[in-house]
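To start, the structure itself, in structure tokens.
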Amino acid sequence: GQNIDQPTEMTATEGAIVQINCTYQTSGFNGLFWYQQHAGEAPTFLSYNVLDGLEEKGRFSSFLSRSKGYSYLLLKELQMKDSASYLCAVRERSGAGSYQLTFGKGTKLSVIP
Amino acid sequence: SAVISQKPSRDICQRGTSLTIQCQVDSQVTMMFWYRQQPGQSLTLIATANQGSEATYESGFVIDKFPISRPNLTFSTLTVSNMSPEDSSIYLCSVMGGDYNEQFFGPGTRLTVL
């Protein structure tokens, strides 16, 4: 099983930078995903990390430290449309060669003017 | 990325009734997944549906309560049986794909049980 922890809510100002942290405990780690979910909509894929380090994609970056069971999502030049929930999800190898994806409860980010 | 549609988008149902949710994908996929997202909670996997075999249910979910059909490689249904208010949730269909085998989600079905 997995234990994924991320802050429940965060508030940041338009144009600023915000970092959303995620810690996890798992065996058989096989990758960490970040998803964005606007209210009333389905989650959409943002980023994937399987090796340690930083992955940059435009205004969004994601970092992973496997030894620390830690990841963060960094959002730069915040825009009002970035107000959404951000879900951390960890994939692990389970029995019989299959994989299991477990989601955290999500961090609700509010961007204010 | 896959395009996934679900029907209905929302419904309000009476206790004790059943609702069948349909999921259609625009490409053939081996596995389809059904998730539940209760208010303020995370996404929880209900079951994995493979074409031509019985669905695999996660702990806490049983076939009698959530029967699943998977008649072909682009379609699946999830039935929520004998509903109670605790079943009020968003139900999401999902498939894997993309460069990282990430999950793509349908728009969800918002179910309210009175």
Side-chain angles (χ1 to χ4, degrees), chain A residues 1-9 20 22-24 26 29-51 55 57 60 62 64 71 73 84-109, chain B residues 1-10 21 23-26 30-50 53-61 88-112:
Chain A
Q2 301 184 28
N3 186 20
I4 301 174
D5 194 32
Q6 51 182 133
T8 305
E9 294 184 46
I20 303 174
C22 172
T23 59
Y24 64 89
T26 185
F29 177 82
N30 190 254
L32 186 143
F33 299 82
W34 284 95
Y35 285 82
Q36 181 190 59
Q37 186 176 25
H38 285 101
E41 298 182 13
T44 55
F45 168 73
L46 285 179
S47 69
Y48 171 73
N49 294 70
V50 68
L51 299 176
E55 295 285 341
K57 193 189 292 186
F60 293 4
S62 56
L64 175 68
S71 173
L73 180 69
S85 286
Y86 291 85
L87 309 174
C88 174
V90 176
R91 184 166 66 195
E92 67 174 346
R93 285 183 296 275
S94 54
S98 62
Y99 296 88
Q100 180 159 347
L101 185 67
T102 303
F103 285 84
K105 292 188 176 181
T107 298
K108 184 178 179 181
L109 174 66
Chain B
S1 63
V3 177
I4 306 170
S5 60
Q6 287 184 233
K7 286 195 293 189
S9 58
R10 59 177 62 231
I21 303 167
C23 176
Q24 180 76 50
V25 188
D26 69 342
T30 304
M31 292 189 291
M32 294 176 75
F33 305 84
W34 286 99
Y35 283 84
R36 180 173 75 181
Q37 188 173 31
Q38 295 180 305
Q41 298 298 312
S42 178
L43 289 155
T44 302
L45 181 64
I46 298 171
T48 302
N50 296 312
S53 63
E54 270 200 9
T56 303
Y57 289 82
E58 298 300 307
S59 175
F61 298 97
S88 296
S89 184
I90 300 173
Y91 292 85
L92 297 126
C93 174
S94 175
V95 302
M96 272 199 310
D99 294 338
Y100 310 112
N101 269 341
E102 63 266 30
Q103 299 286 137
F104 296 98
F105 291 91
T109 297
R110 184 179 293 272
L111 171 63
T112 302

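As a basis for the values below, the full set of heavy atoms in this structure was taken, side chains included, without hydrogen atoms, waters or symmetry mates. We name chains A, B, ... by the order of the sequence lines, and we start the count at 1 in each one. Keep in mind it's a predicted model, so treat the numbers as computed, not measured.
Residue B/Pro107 comes nearest to A/Ala42 through the heavy atom pair CA-CB, 4.1 Å, listed as atom of the first residue, atom of the second, then distance. What you find for B/Arg110 and A/Gly40 is that their closest heavy atoms are NH2-CA, 3.9 Å. Considering all non-hydrogen atoms of both residues, B/Tyr100 and A/Arg91 come closest at O-NH1, 3.3 Å. Minimum heavy-atom separation, A/Leu101 to B/Tyr35: CD2-OH, 4.0 Å.
Heavy atoms of B/Leu92 lying under 4.5 Å from chain A belong exclusively to its side chain. Only the side chain of B/Glu58 has a heavy atom closer than 4.5 Å to any heavy atom of chain A.
A search for side-chain contact (heavy atoms from CB on, under 4.5 Å) contacts involving B/Asp26 returns B/Ala2, B/Val3, not counting sequence neighbours.
The main-chain N or O of B/Asp99 is never found under 3.5 Å from a side-chain atom of A/Tyr48 such that the two would form a donor-acceptor pair.
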Discussion item. Run the side chain to side chain contact (heavy atoms under 4.5 Å, CB included) test on A/Tyr35 and B/Gln103 for me, step by step, so that the C-alpha distance in whole Å, both residues' side-chain angles and the decisive distance to 0.1 Å come before the verdict.
Written reply: CA-CA 9 Å; A/Tyr35 285 82; B/Gln103 299 286 137; 3.3 Å; yes
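Atom CD of B/Gln24 is surrounded by more than 12 heavy atoms from other residues, nucleotides or ligands within 6.0 Å.
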